[in-house]
Peer 1: 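Would you mind keeping the following structure in view while I ask a few things?
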Amino acid sequence: MFCRAFMWKSGGEDLQGFYPVRPECQSDVPRTRFKSRAGKTLSARRWHAAFTEDGHLDMEKVLRRIQRGGIHPSIKGAVWEFLSGCYDPDSTFDERTKLRDLRREQYGSWKEECKNMVPVVGSGKYITMAVVSENGQPIEDSSVENQGWIVKTAVTDDRTLQWMLSLHQIGLDVARTDRYLSFYENDINQSKLWDVLAIYTWLNLDIGYVQGMNDICSPMIILFEDEADAFWCFERVMRRLRENFRATATSMGVQTQLGVLSQVIKTVDPRLHQHLEDLDGGEYLFAIRMLMVLFRREFSFLDALYLWELMWAMEYNPNMFATYEELENRNNNNAADDPKLLKRYGKFERKYVNSGNNERHSNTIAVFVVASVLQTKNKRLLKEAKGLDDVVQILGDIAGNLDAKKACKEALKIHEKFLKKVSFYHFF
């Protein structure tokens with residue numbers, strides 16, 4: 001098994017202990033590039049200093065710091081709750097405490113509902129073998145693999161059947177998720193990941209469970225001690241990503257972003273786009289994994305978290321919490337006409353606010369990060385790629401060799417170039 005260890009040092013501080021690695025995995029590691037940099041990385045001290053006495057958060061300062069140097073692991077979970085839209089920076093400590101308590105209670109209620117259907121939920125164990133057949137009949141020989149539990153009667157409710165059919169696939173993926181981390185040597189932690197994914201799936205059967213959601217959810221399980229808090233952070237992050245996982249008999253939602261990627265490369269690097277077209281790669285299907293799991297396989301664990309928080313900070317919109325909670329928009333006035341309000345948006349988001357373009361679901365910074373990765377391999381792709389297998393192999397070589405900050409920086413440059421060229425073409 002290929003395993004990874006993480007050595008993250010800055011000055012005399014050894015940060016490996018935040019995400020310890022199984023001893024047998026220590027020797028096979030790609031280099032983790034992210035370093036905590038004094039004066040750039042958002043530290044615990046800077047984070048706590050960004051709150052007023054009653055708890056209002058200066059998001060402008062926080063975003064600026066994250067975009068310069070990421071987040072120290074000791075506060076990652078707390079900061080992610082704001083970046084993901086779990087909480088409003090304009091709220092107070094008391095308001096957030098009340099909301100957190102309500103959410104934990106709500107999650108507990110959903111968990112109990114699922115447990116009543118499948119007692120393995122919340123038991124500290126998880127399911128790895130199908131418990132019902134496609135027609136809802138119990139599978140009696142599943143007991144050994146499923147902690148001694150079996151479905152005793154036929155499942156006739158379509159929604160319940162759809163959910164139960166996904167539980168073993170979630171379990172199989174959980175067993176493979178981030179296994180090089182010591183954290184997942186503990187069966188309880190694996191079961192937490194399974195519980196959160198199972199409950200999320202029950203609540204979102206229009207999307208259901210799709211492989212890759214486990215890779216998105218795993219860091220939340222690691223960062224948050226309380227399972228309910230991990231669920232809510234995952235749920236908010238999935239608000240951005242869920243359409244990528246929506247599948248029909250003929251297509252997947254991520255194809256919308258692949259279409260945007262195609263347009264971006266065609267605009268900023270027409271020669272590379274034409275070469276990929278000639279190789280029957282013009283649909284950019286080789287980039288599906290990058291967009292589905294946000295580069296978890298292309299970066300080491302720490303670098304992937306760093307990349308996520310960079311992207312989320314750059315895409316941050318102060319209206320996010322209100323939108324998710326369906327509240328009246330507090331910042332509904334035109335931010336483009338208010339420089340002070342505009343500073344509360346991330347770098348990437350500001351460009352859309354300034355342009356007045358609000359319809360941009362597919363134009364996420366992740367698309368431009370993929371474009372930056374393709375640009376770094378431009379020469380090799382043009383020279384060596386004679387077929388799609390070569391494209392996949394060349395891009396596969398980047399695993400563990402990418403710099404997250406540099407990738408985001410290049411993504412912003414490509415985005416700027418793309419917008420200028422598109423505006424130029426529209427002008428004429």
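Numbering of residues begins at 1 and proceeds along the displayed sequence. All values reported here derive from a predicted model rather than from experimental measurement. Every heavy atom of this structure was used, including side-chain atoms; hydrogens, water molecules and symmetry mates were not.
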Peer 1: With the threshold set at 4.0 Å, does a side-chain nitrogen-carboxylate oxygen contact exist between D229 and R103?
Peer 2: no
Peer 1: Under 3.5 Å, is there a donor-acceptor pair between the side chain of Q257 and the main chain of V367?
Peer 2: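 Not a single qualifying donor-acceptor pair exists.
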Peer 1: Taking the side chain as every heavy atom from C-beta outward, state whether I207 and M213 have any pair of such atoms under 4.5 Å apart.
Peer 2: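 A side-chain contact under 4.5 Å exists here.
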Peer 1: Check whether W232 forms a cation-pi arrangement with R100 (NZ or CZ under 6.0 Å from the six-membered ring centre, at most 45° off the ring normal).
Peer 2: no
Peer 1: Would you please indicate if the ring centroids of Y200 and F234 are separated by under 6.0 Å?
Peer 2: yes
Peer 1: Has D215 got a side-chain atom pairing as donor or acceptor with V293's backbone, closer than 3.5 angstrom?
Peer 2: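 Not a single qualifying donor-acceptor pair exists.
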Peer 1: Answer yes when E315 and R240 have at least one side-chain N-carboxylate O distance shorter than 4.0 Å, and no when they do not.
Peer 2: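 A salt bridge is present here (some side-chain N lies under 4.0 Å from a carboxylate O).
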Peer 1: Go through it in stages, so that I can follow the logic: the residues are Q169 and D173, the test is side-chain hydrogen bond (donor to acceptor under 3.5 Å, both in side chains), and I'd like the CA-CA distance, side-chain angles, deciding distance and then a yes or no.
Peer 2: CA-CA 6 Å; Q169 185 58 59; D173 288 344; 3.2 Å; yes
Peer 1: Measure the acute angle between the ring planes of W194 and Y126, then classify it against the limits of 30° and 60° as parallel, tilted or perpendicular.
Peer 2: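 W194 vs Y126 ring planes: tilted.
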Peer 1: Can you tell me how far CD of E309 sits from CE of M314, rounded to the nearest 0.5 angstrom?
Peer 2: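 The CE atom of M314 sits 11.0 Å away from the CD atom of E309.
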Peer 1: Can D206 and R246 be counted as an ion pair, charged N to O under 4.0 angstrom?
Peer 2: yes
Peer 1: Would you indicate whether R46, at its atom CZ, is surrounded by more than 12 heavy atoms from other residues, nucleotides or ligands within a distance under 6.0 Å?
Peer 2: no
Peer 1: Looking at K343, I want to see if its NZ is surrounded by more than 12 non-hydrogen atoms of other residues, nucleotides or ligands under 6.0 Å.
Peer 2: no
Peer 1: Got a second to check how far I414's CD1 is from K409's NZ, nearest 0.5 Å?
Peer 2: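 Interatomic distance, I414 CD1 to K409 NZ, rounded to 0.5 Å: 13.5 Å.
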Peer 1: With no hydrogens and no angle check, just 3.5 Å: does a side-chain donor-acceptor pair link D178 and Y180?
Peer 2: yes
Peer 1: Once you round to the nearest 0.5 Å, how far does CD1 of I288 lie from CE of M252?
Peer 2: 6.5 Å
Peer 1: Specify whether F51 and F93 have parallel, tilted or perpendicular ring planes, treating 30° as the upper limit for parallel and 60° as the lower limit for perpendicular.
Peer 2: tilted
Peer 1: Could you check whether any side-chain heavy atom of Q375 comes within less than 4.5 Å of a side-chain heavy atom of E410, counting everything from C-beta outward?
Peer 2: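 Answer no - side chains too far apart.
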Peer 1: For residues L294 and M311, determine if any side-chain heavy atom of one lies less than 4.5 Å from a side-chain heavy atom of the other.
Peer 2: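 Counting from C-beta outward, L294 and M311 do come under 4.5 Å.
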Peer 1: Where the side chain of R68 meets the backbone of K40, is there a donor-acceptor pair that is under 3.5 Å apart?
Peer 2: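 Between the backbone of K40 and the side chain of R68 there is no qualifying donor-acceptor contact (under 3.5 Å).
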Peer 1: What do you reckon, is CG of D389 surrounded by more than 12 foreign heavy atoms closer than 6.0 Å?
Peer 2: no
Peer 1: Parallel, tilted or perpendicular for W47 and F82, by the 30°/60° rule?
Peer 2: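 Rings of W47 and F82: perpendicular, over 60°.
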Peer 1: Under the side chain to side chain contact (heavy atoms under 4.5 Å, CB included) test against V132, which residue among L167, T160, L165 passes?
Peer 2: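 Answer after filtering L167, T160, L165: L165.
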Peer 1: Rounded at 0.5 Å granularity, tell me how far CG in L57 sits from NE2 in H48.
Peer 2: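 Reported to 0.5 Å precision, the distance equals 11.5 Å.
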Peer 1: Would you give the length of the straight line joining atom CZ of F301 to atom OH of Y19, rounded to the nearest 0.5 angstrom?
Peer 2: 6.0 Å
Peer 1: Going by heavy atoms in the side chains, are H72 and F18 under 4.5 Å from each other?
Peer 2: yes
Peer 1: Less than 4.5 Å apart, any side-chain heavy atom of H56 and any of T92?
Peer 2: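 Yes. Closest side-chain heavy atoms under 4.5 Å.
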Peer 1: Anything under 30° is parallel, anything over 60° is perpendicular, the rest tilted; go ahead and classify F286 against Y284.
Peer 2: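 If you compare the ring of F286 with that of Y284, the planes turn out tilted.
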Peer 1: Verify, without hydrogens or angle tests, whether R289 (side chain) and R296 (backbone) share a donor-acceptor contact under 3.5 angstrom.
Peer 2: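 No, because the side chain of R289 does not come within donor-acceptor range (under 3.5 Å) of the backbone of R296.
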Peer 1: Should T41 and K35 count as side-chain neighbours, where that means a heavy-atom distance under 4.5 Å?
Peer 2: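 No, too far: nothing below the 4.5 Å cut-off.
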Peer 1: Check whether more than 12 heavy atoms from other residues, nucleotides or ligands sit under 6.0 Å from atom NZ of K377, and answer yes or no.
Peer 2: yes
Peer 1: So does D397 pair up with R380, basic N to acidic O under 4.0 Å?
Peer 2: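 Looking at R380 together with D397, the answer is yes, because their closest N to O distance falls below 4.0 Å.
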Peer 1: Check whether the side chains of E227 and Y107 place a donor and an acceptor atom closer than 3.5 Å, and report yes or no.
Peer 2: yes
Peer 1: Would you say the side chain of R64 lies within less than 4.5 Å of the side chain of K61, judging by non-hydrogen atoms?
Peer 2: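 Yes, close enough: below the 4.5 Å cut-off.
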Peer 1: Are more than 12 heavy atoms from other residues, nucleotides or ligands located less than 6.0 Å from atom CZ of R271?
Peer 2: no
Peer 1: Answer yes or no: is there a side-chain heavy-atom contact under 4.5 Å between S91 and F321?
Peer 2: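 No, every pair of side-chain atoms sits at 4.5 Å or beyond.
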Peer 1: Salt bridge or not between K347 and E60? Use side-chain N to carboxylate O under 4.0 Å.
Peer 2: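 Result for this pair is no, no salt bridge flagged.
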